[in-house]
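Reminder, nothing fancy here: chain letters follow the sequence lines and each chain counts from 1.
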Protein chains: 4
Amino acid sequence: MIDHQCCLYESMEVQFASAAMLAQRFAYGLPIARRPIGLCADGCRGAAHHAPVPRHAPVARWAQPWNSPHSSLQRRGTHRKVMTKHRSPDERATQILDAARACFMRKGYFATKMDEIARESGLSKGGIYFHFDSKRDIFRSLVEREYNRDMEFIDGVLDAENDIATILIGLGEHFVQQFAATDKPRFTAIIAEMAIRDEEIDEMVQELQESYIGRLASVLERAMDEGQVRRLHATSAATLLKAIIDGIQAGMAVGGSTPDLEKLLETSMEVLTRGLLTDEALG
Amino acid sequence: MIDHQCCLYESMEVQFASAAMLAQRFAYGLPIARRPIGLCADGCRGAAHHAPVPRHAPVARWAQPWNSPHSSLQRRGTHRKVMTKHRSPDERATQILDAARACFMRKGYFATKMDEIARESGLSKGGIYFHFDSKRDIFRSLVEREYNRDMEFIDGVLDAENDIATILIGLGEHFVQQFAATDKPRFTAIIAEMAIRDEEIDEMVQELQESYIGRLASVLERAMDEGQVRRLHATSAATLLKAIIDGIQAGMAVGGSTPDLEKLLETSMEVLTRGLLTDEALG
Amino acid sequence: MIDHQCCLYESMEVQFASAAMLAQRFAYGLPIARRPIGLCADGCRGAAHHAPVPRHAPVARWAQPWNSPHSSLQRRGTHRKVMTKHRSPDERATQILDAARACFMRKGYFATKMDEIARESGLSKGGIYFHFDSKRDIFRSLVEREYNRDMEFIDGVLDAENDIATILIGLGEHFVQQFAATDKPRFTAIIAEMAIRDEEIDEMVQELQESYIGRLASVLERAMDEGQVRRLHATSAATLLKAIIDGIQAGMAVGGSTPDLEKLLETSMEVLTRGLLTDEALG
Amino acid sequence: MIDHQCCLYESMEVQFASAAMLAQRFAYGLPIARRPIGLCADGCRGAAHHAPVPRHAPVARWAQPWNSPHSSLQRRGTHRKVMTKHRSPDERATQILDAARACFMRKGYFATKMDEIARESGLSKGGIYFHFDSKRDIFRSLVEREYNRDMEFIDGVLDAENDIATILIGLGEHFVQQFAATDKPRFTAIIAEMAIRDEEIDEMVQELQESYIGRLASVLERAMDEGQVRRLHATSAATLLKAIIDGIQAGMAVGGSTPDLEKLLETSMEVLTRGLLTDEALG
DNA sequence: AATGAATGAGCTTTCATTCAT
DNA sequence: TATGAATGAAAGCTCATTCAT
């Protein structure tokens, strides 16, 4: 079975060493920041986790069923009941959610069957239903978890008392890392898919979006007040920034298309810092 | 029901009116363009599709299954079949695709049932299957149609011998119009949803994306050579522009979230022109 | 299209040269017959007909449908109406029945679709329904035709004033030829399949069977009276003979199983002549 | 409905009673056998299958298709589901196969609907599909079962160290019993029907046939060596015997046609023993 | 007569959910 | 708590037949 699925998320947390940050600022032609930002400090070992999905041996089919030693009567599994050992509800929920995420990831919501989630989680279908009311419930819980993690991240980034350029770089670096190393873009696409149909999920996504934009806007406003950013409509500028992130993400969700993220980040930074910052801030 | 969704496409033929364009350039602090382009002249033909759905009375069950349900013997004395007028395959295909698009739009691919497409198109299920091989086939044809229309548009816009700022504004205006007036963002989200599962669609989306970026990049490169745009990695810059479009689109696909598109366009233009153009071009 | 399907039946008629017959009698250790039987004299050229089934070019599918020169809207055939030239109802019926027989032969009744019969016959579906009421009707007509031909044959063989041994050899030779050269066994199996379900067909098959047995029995009885055949229950003996024919036929309908018909005939003749004939007749 | 069809198989275990056998041999004018074999002792266990079909009240349509028809939310307050008692896969498979056999028997493969099999077996359609992959799978399993039973029978009969005449009588008695008392001929016809279309079934039937003939041939050869049977092409003679069985069977599959089996057996025995045995064996 | 688009009941199969164990 | 057999309402699709042309 799959273990450490949690790491899929843990691995999102990125450590920005100040050295790297300094180098970036230099590369983008920005004045060197004095206050380094500390992002997501936790012990996750990162991208090394995402092992290939364990493929379960398919149910054996008879090459010559009518000739096989087992008559048709023995074709299905027998009555052995190997029960999984008891665990706390929270552990079980995590276990199920992790399995479900992996499945939704691979196939999307509709193509994922409860049977698969059960198999992937190592529980029985009945077991799943003991912990969750429905498939939809599982998905919603999953989105909620994702939502909370994203919110934590944004809180951490934006509340840091950094200058705007540092924040931009931080954001950029963060997303580049996340997009490159994880399946985040794909999951986002799947969530969007569901948001069309599930009002609750739609609301969550919208709230997350507005929160994102709102906080970005307030940061930008603060920076405008400080003279770092040119006078613009803050919310629109924040929406623009968010759109860039979403857009890159969406682009990466399709096919094998992987842009040169390094170059994309560099170019975007150049364009955005020039477009957003005041001449003074640009140095 | 259907309210002339066909118009959604007609509205794509966007014509940039020179007056509006001049105003915009002025607003964004750009030098005034010499070659005007027109703005969106909606030429909807308001087609008279969607005949009333024929409702047939239910027919009795067959006692002799082996030659039912099609046996003429069983049906003697029953009511007449009310058949939709014969039409050319082309007309019918368009009609079906329009109906299907409306359904997919409302519910997404999976939640849309063939029955609904049939009802919406005013045909029977069998009629649909006479023209298309499967539900998936319908969707693919739909994407193909959308794809062709998008390609036409981009060819039209980018090949025009405009200066880069005009092109940017043209793009911006186009998308703002399209996003505001149509369901394009939602449909794009639904396509993305399917691209995860249908390789063919995935390829189409990817090709469209690459084509978009490629053409944008070549335009940008030309502009760099002319000294209008600062020296940047052209493909990355194009990817950035495309990402912005996609990102705004994605954002609008969820919930009732509609940003102030006017302001967003204005702000984006300011940021991008400043970020992309050379000081001379900014004049 | 398939032509000369009629030959499938024509080819059934077998010419027994007296020379061959003499040789056989000699081989089976029988006294030499004086009255040669003349069977089915018609100019059919026999087995050389059954050309491989013409395969119609499959409807073209796009390798890259969304990229193809023809948009999805042009995918179905256009309105050209190439009408088949008028023919007499009988000719049409024969044409349709021949096509239907070929189809039923290949796939059986249920797996044969009216579309296939239409294609095979070179008519449209509507055209078929002008001449026949239903699929079932076509099948019944087909069985009727087969029935009549079989009846003609048996009348010809049995009414000839031959001694019993000659008749037996005649029957044997006939069926061996027929089984080896045509698809008769398969068609018989398909008829049996339907007889289970269609009372009318069942009755026809039963009548044919009883007629066969009845005539055989009367021939045997005559031979008993003449002292050629041992005293036996005539109907049972006839049933036995019929069963042998049917059984061989049935065995050949499955798989690629083809017994050595020559040897089978020889052995059967030996066993049956010894088992049936009186010592005098055996000479 | 079902009337202990299971008994049909039990009746296959044939035991040739010495008394009957002696009488037969006497009737056919054969020397008396030394090793008696028993006759058909029907040990039917009369299983208590086929619980009453649970009929559920229809449930309202779903407004929100995307999580219907399985959403628990929609079903609050409805009646309880009445579920059939859990059983082991083996028991259920047998139960389903028995029901399926009865249905196929009545209507043939194509005319039998999964609904009927479900109803007949007392399970729901879903329940059937839990145990079998498809309708075809059910049929194949059924043929497999029949195949195995037939093989067992032939092994039992032929391996017995009886003289050839006893074996012939044994076979004859067996089939007469089986043909008279069961639906075997009809089922065989239905299997033949499918063999035309299903390669796997075709192979099974062919293998069964070849096996039958092969074993019969070896028995005959042994008898030839012992001087009981005249020198003949053993395989052809075996094919002849098999053809007789199949032919009688086929004849009985149609309509209400039932020959006088007693007489048929007697006559056939006379003809065959005379035709096959040496003068010494005939005594 | 002939065409072929259109019909629609019914089919097999799926799968979220339930419940006896 | 957990299991997995059982449920049953659809869903996508088929195809004999009809009928406007």
- [ ] Using a heavy-atom cut-off of under 4.0 Å over every strand shown, decide if A:Lys135 touches base, sugar-phosphate, or nothing.
- [x] sugar-phosphate
TODO: Measure from CG on B:Asp137 to P on F:dT14 and round the result to the nearest Å.
DONE: 12 Å
Open item on the list: Once rounded to the nearest 0.5 Å, what's the spacing between atom OG1 of B:Thr112 and atom CD1 of B:Ile138?
Closed with: 10.0 Å
Open item on the list: In whole Å, I'd like the distance from the CG atom of C:Asp115 to the P atom of E:dA5.
Closed with: 11 Å
Task: DNA chain F: 5'-proximal contact among B:Arg136 and A:Lys125 (nearest heavy atom) - done: A:Lys125
Open item on the list: Which label fits A:Tyr109 and A:Phe139: parallel for a plane angle under 30°, tilted from 30 to 60°, or perpendicular past 60°?
Closed with: perpendicular
Open item on the list: Rounded to whole Å, please give me the gap between CE in D:Met114 and P in E:dT14.
Closed with: 10 Å
Task: Nearest-angstrom distance from the residue atom CZ of A:Phe110 to P of F:dA10 - done: 16 Å
- [ ] Provide, to the nearest angstrom, the distance between the CD atom belonging to C:Glu116 and the P atom belonging to F:dC15.
- [x] 9 Å
Task: A:His131 side-chain N/O to F:dA2 phosphate OP1/OP2 under 4.0 Å - done: yes
Task: Spacing of D:Asp98 atom CG and D:Gln95 atom CD [to the nearest 0.5 Å] - done: 8.0 Å
TODO: Indicate yes or no for a side-chain donor-acceptor contact from D:Ser121 to the backbone of D:Ala99 under 3.5 Å, with no hydrogens or angles considered.
DONE: no
- [ ] Would you mind reading off the distance between B:Ile117 atom CD1 and F:dG12 atom P, rounded to a whole angstrom?
- [x] 8 Å
Task: Side-chain N or O of B:Arg92 closer than 4.0 Å to phosphate OP1/OP2 of E:dA5 - done: no
Open item on the list: Applying a 4.0 Å non-hydrogen cut-off, can you work out what A:Lys113 is touching in the nucleic acid: base, sugar-phosphate, or nothing?
Closed with: sugar-phosphate
- [ ] Look at the side chain of C:Arg140 and the backbone N and O of C:Ile201, then say whether any donor-acceptor pair between them is shorter than 3.5 Å.
- [x] no
- [ ] Cation-pi check, C:Lys135 to C:Phe104: give yes when NZ or CZ is under 6.0 Å from the six-membered ring centre and within 45° of the ring axis, no otherwise.
- [x] no
Open item on the list: Tell me the interatomic distance from D:Phe132, atom CZ, to F:dA5, atom P, rounded to whole angstroms.
Closed with: 13 Å
TODO: Name the closest nucleotide to the C:Phe130 side chain, picking from F:dT18, F:dT14, E:dA2.
DONE: E:dA2
Open item on the list: Show me the dot-bracket string of DNA chain F, counting Watson-Crick or G-U pairs under 3.5 Å, with | for pairs to another strand and [ ] for crossing ones.
Closed with: .||||||||||||||||||||
- [ ] Tell me which of D:Gly126 and C:Gly126 sits closer to the 5' end of DNA chain F, going by the nucleotide each one is nearest to.
- [x] D:Gly126
Task: Closest-nucleotide 5' rank along DNA chain E - winner of A:Tyr129 and D:Ser134 - done: D:Ser134
Open item on the list: One thing to verify: whether D:Arg106 and D:Glu116 come together as a salt bridge, which I'm taking to mean a side-chain N less than 4.0 angstrom from a carboxylate O.
Closed with: no
Task: Nearest-angstrom distance from the residue atom CD1 of B:Ile128 to P of F:dC15 - done: 18 Å
